[in-house]
Amino acid sequence: MGIVPKRYSYELIKKTKDYSINIPTTDLLEAVKYCGKVSGRDVKDKFEKSRLTPVKASQISSYLIKECPVNLECKVVHTLDLEGTHTWFVGEVVAAHITKDYSKSKAIMFWPPEYRYVGDVIEK
Ligand SMILES: Cc1cc2nc3c(=O)[nH]c(=O)nc-3n(C[C@H](O)[C@H](O)[C@H](O)COP(=O)(O)O)c2cc1C
């Protein structure tokens with residue numbers, strides 16, 4: 001995961017040495033946009049402001065997002081500073097959670113500057 005060092009998330013990952021990856025669905029678009037433009041440093045509770053629910057993880061100290069159908073718990077195993085804009089945190093997935101009714105057709109993809117549905121299958 002690539003994070004710009006000035007982000008609050010960067011500070012938190014450095015401290016906890018873990019992070020969660022939470023895959024949102026299209027109905028969470030407004031929350032995604034909010035989280036993608038407001039820093040946790042500037043608001044008291046980013047979860048509450050974006051109407052998302054924090055859930056305690058099983059293996060890491062960072063929280064998961066209840067509304068996201070896929071949650072991955074990751075422990076940082078490498079930190080790479082390649083002298084670009086982002087620092088790269090390579091994580092080992094130590095736990096994975098997925099809801100039974102998860103449909104990939106509802107997953108959001110960010111293809112700057114557009115949010116898209118994930119595309120059609122071209123081969124199986
Ligand atoms: C769809 C989307 C994807 C983003 N991906 C990244 C990313 O991969 N790395 C990053 O450093 N910032 C990314 N950003 C920007 C941060 O989410 C944004 O600066 C946010 O306010 C950081 O919050 P924080 O300071 O609480 O960490 C993204 C923004 C959007 C809207």
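Each ligand, and each atom within it, is numbered from 1 in the order the structure gives. Each residue takes its place number in the sequence, starting with 1.
A 6.0 Å sphere centred on NZ of Lys46 holds more than 12 heavy atoms belonging to other residues, nucleotides or ligands. More than 12 heavy atoms of other residues, nucleotides or ligands sit less than 6.0 Å from atom CD of Gln59. In Phe47, the CZ atom is crowded: over 12 heavy atoms of neighbouring residues, nucleotides or ligands sit closer than 6.0 Å. Residue-environment remark: OH (Tyr117) stays at or below the threshold of 12 foreign heavy atoms within 6.0 Å. When the shell of 6.0 Å around OH of Tyr34 is examined, it contains more than 12 heavy atoms from other residues, nucleotides or ligands.
Interatomic distance, Met109 CE to Tyr115 OH, rounded to the nearest 0.5 Å: 12.5 Å. One distance of note links OG1 of Thr25 with OH of Tyr102; it measures 8.5 Å at 0.5 Å rounding.
Atom 21 (O) of ligand 1 has Val38 O, 3.1 Å as its closest protein atom, hydrogens excluded (heavy atom only). Residue, atom and distance of the protein heavy atom nearest to atom 20 (C) of ligand 1 are Cys35 O, 3.6 Å. Atom 9 (N) of ligand 1 has its closest protein heavy atom at Gly2 O, 2.9 Å. Looking at atom 29 (C) of ligand 1, its nearest protein heavy atom turns out to be Gly36 O, 3.4 Å. Looking only at heavy atoms of the protein, atom 25 (O) of ligand 1 is closest to Ser39 OG, 2.6 Å.
Applying side-chain contact (heavy atoms from CB on, under 4.5 Å) to Lys66 and the options Thr53, Leu52, Asn22 leaves one that passes, Thr53.
Between the side chains of Ser62 and Asp18, a donor-acceptor pair is found at a separation under 3.5 Å.
For ligand 1, the atoms lying closer than 4.0 Å to a non-hydrogen atom of Tyr115 are 1 (C), 31 (C). For ligand 1, the atoms sitting less than 4.0 Å from at least one non-hydrogen atom of Val4 are 11 (O), numbered in the order shown with element in parentheses. Counting the atoms of ligand 1 from 1 in the order shown, those under 4.0 Å from a heavy atom of Ser9 are 24 (P), 27 (O). Distances below 4.0 Å separate heavy atoms of Tyr8 from the following atoms of ligand 1: 24 (P), 25 (O), 26 (O), 27 (O).
Glu11 has a carboxylate O that lies under 4.0 Å from a charged side-chain N of Arg41, or vice versa, which qualifies the two as a salt bridge.
Between Arg7 and ligand 1, at least one N/O pair is under 3.5 Å apart. Polar contact with ligand 1: absent for Val32 (N/O pair, distance under 3.5 Å). The distance criterion of under 3.5 Å between nitrogen or oxygen atoms is met by Gly40 with respect to ligand 1.
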Exercise for review: With side-chain contact (heavy atoms from CB on, under 4.5 Å) as the test, would you mind laying out the steps for Cys68 and Leu28 before giving the verdict?
Suggested key: CA-CA 8 Å; Cys68 292; Leu28 296 174; 4.0 Å; yes

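Distances from atom 17 (O) of ligand 1 to the protein include at least one heavy-atom value under 4.0 Å. Counting protein heavy atoms under 4.0 angstrom from atom 4 (C) of ligand 1 gives zero.
Proximity of Tyr10 to ligand 1, defined as any heavy-atom pair under 4.0 Å, is not found for any part of the residue. Only the side chain of Phe110 comes within contact range of ligand 1, with a heavy atom under 4.0 Å; no backbone atom does.
The closest approach between Pro112 and ligand 1 stays at or above 4.0 Å for every heavy atom of the residue. Heavy atoms of Lys46 come nearer than 4.0 angstrom to ligand 1 in at least one pair.
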